[in-house]
Amino acid sequence: MLRRRFARLVLRAARWRAVGEVPQRGVLVGAPHTSNWDWVLTMLLAWSYGITIRLLVKQELFVGPLGWLLRRTGAVELDRKNPSATVKELLAEAEGDDPWLLGIAAEGTRSRGEYWKSGFYRIARQTGLPITLAFLDVPSRTVGWGPTFHPSGDVSADMDVLREFYADKTGFHPEGFTPPRLREEG
């Protein structure tokens with residue numbers, strides 16, 4: 001309850017508008033993800049609806065006060081040398097009907113790549129959970145949730161949904177946005 005009030009107060013004070021339907025369970029794609037502030041606003045949005053996102057964060061950031069803060073906000077240490085162990089733990093957490101939302105920055109920050117990371121897609125397929133599209137649009141000062149869909153297995157068609165949705169969204173640094181494309185699209 002305290003997180004919910006805090007998040008609503010901060011979003012209102014910063015004059016950011018929150019929109020969309022918040023899912024109770026799913027794999028959350030956050031884009032455009034061009035700065036760390038993008039995830040701060042997305043987490044505040046989730047908290048304002050009473051949901052904690054299990055956010056994958058590289059384990060090197062879990063040091064000192066930042067590590068404490070990350071754990072308190074629902075972040076999960078991702079060991080890049082053995083990411084499958086972390087993912088297996090998270091998949092075990094996802095079993096059952098309790099609210100569970102995993103947040104993944106498919107494009108990453110400050111690392112403009114040719115392709116998005118496909119972990120969000122694989123995890124959604126393995127768990128049967130839907131993919132939910134979160135977004136941040138700086139010019140309109142809007143943070144929110146977009147469509148939620150179950151991946152069909154047709155990677156190109158599913159990524160077309162993402163491309164269409166993110167076509168007019170912009171993060172803090174639009175030049176850092178990598179267009180949605182997975183290596184698996186061929």
Side-chain angles (χ1 to χ4, degrees), residues 3-4 7-8 11 16-34 36 38-58 70-78 83-109 115-137 142-167 169 171 177-178 180-182 184-185:
R3 274 188 185 174
R4 189 177 208 164
R8 288 181 175 175
L11 287 171
W16 276 79
R17 186 170 59 108
V19 299
E21 292 295 317
V22 181
Q24 292 294 307
R25 297 180 53 76
V27 179
L28 176 68
V29 176
H33 184 46
T34 60
N36 289 325
D38 299 350
W39 272 115
V40 170
L41 288 166
T42 304
M43 287 177 65
L44 288 171
L45 172 65
W47 289 0
S48 72
Y49 285 91
I51 295 173
T52 298
I53 299 173
R54 304 291 289 153
L55 178 63
L56 289 178
V57 177
K58 57 185 172 183
L70 287 170
R71 285 183 191 90
R72 294 291 177 260
T73 58
V76 176
E77 293 182 48
L78 178 65
S84 62
T86 305
V87 171
K88 282 180 186 174
E89 286 178 35
L90 290 169
L91 293 178
E93 266 185 40
E95 292 179 7
D97 295 328
D98 292 336
W100 187 85
L101 196 59
L102 175 66
I104 298 177
E107 61 183 302
T109 52
Y115 300 98
W116 276 21
K117 299 171 201 148
S118 58
F120 74 93
Y121 195 83
R122 286 193 318 270
I123 292 170
R125 295 272 302 168
Q126 288 174 359
T127 60
L129 292 171
I131 294 171
T132 296
L133 306 182
F135 74 95
L136 182 93
D137 185 55
T142 305
V143 60
W145 310 101
T148 294
F149 67 97
H150 285 275
S152 67
D154 181 343
V155 179
S156 292
D158 291 338
M159 290 305 291
D160 283 344
V161 172
L162 275 76
R163 282 187 278 275
E164 182 179 336
F165 179 71
Y166 289 120
K169 310 294 187 287
F177 180 54
T178 301
R181 183 161 185 259
L182 295 182
E184 292 87 340
E185 288 185 77

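Values below: all heavy atoms of this structure, side chains included; hydrogens, waters and symmetry mates excluded.
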Please say whether the positively charged group of K117, taken as NZ for Lys or CZ for Arg, lies over the ring of Y115, i.e. under 6.0 angstrom from the six-membered ring centre and within 45 degrees of the axis.
no

Under the side chain to side chain contact (heavy atoms under 4.5 Å, CB included) test, residues paired with S48 that sit two or more places apart
A7, R8, L11, L45

Quick one: closest heavy-atom pair of Y166 and A31, and the distance?
CE2-O, 3.1 Å

Under the criterion side-chain hydrogen bond (donor to acceptor under 3.5 Å, both in side chains), I'd like the reasoning laid out for T52 against R3: C-alpha separation, chi angles, the key distance, then a yes or no.
CA-CA 9 Å; T52 298; R3 274 188 185 174; 2.9 Å; yes

With sequence neighbours excluded, residues passing side-chain hydrogen bond (donor to acceptor under 3.5 Å, both in side chains) with E77:
R71

When you compare the side chain of W100 with that of I51, does any pair of heavy atoms fall below 4.5 Å?
no

For the residue pair F177 and P32, what are the closest heavy atoms and their distance?
CD1-CB, 3.3 Å

Review item, side-chain donor-acceptor pairs of residues 125-137, under 3.5 Å, at least two apart:
residue	atom	partner	partner atom	Å
T127	OG1	I123	O	2.9
T127	OG1	L129	N	3.1
T132	OG1	T148	OG1	2.9
D137	OD1	T170	N	3.2
D137	OD2	S140	N	3.4
D137	OD2	S140	OG	2.6

At what distance, to the nearest 0.5 angstrom, does CE of M159 lie from OG of S118?
9.5 Å

State, with a plain yes or no, whether a side-chain heavy atom of L44 is found less than 4.5 Å away from one of W16.
no

To the nearest 0.5 Å, tell me how far I53 CD1 sits from L28 CG.
5.0 Å

In terms of heavy-atom contacts, L101 and P23 come closest through CD1-CG, 3.9 Å

Flag side-chain contact, heavy atom, 4.5 Å: F149 against L162:
yes

Any residue meeting side chain to side chain contact (heavy atoms under 4.5 Å, CB included) with D154, in chain and number order, not counting sequence neighbours:
S152, S156, A157

Nearest heavy atoms of W116 and V29, plus distance in Å:
CZ3-CG1, 3.7 Å

Rounded to the nearest 0.5 angstrom, the CG-OG1 distance for L78 and T86 is 5.0 Å

Mind listing the closest non-hydrogen atom pair of G146 and F165 along with its distance?
CA-CZ, 3.5 Å

Enter the distance from M43:CE to D38:CG here, rounded to the nearest 0.5 Å.
13.0 Å

Pairs in or reaching into residues 18-27: which pass side-chain hydrogen bond (donor to acceptor under 3.5 Å, both in side chains), with residues at least two apart or in two chains?
none

Give me the atom names and distance for the closest heavy-atom approach of A75 to V57.
CB-CG2, 3.8 Å

Contact between V76 and L55 at the side-chain level, heavy atoms closer than 4.5 Å - yes or no?
no

side-chain hydrogen bond (donor to acceptor under 3.5 Å, both in side chains) filter on R17, not counting sequence neighbours, yields T142

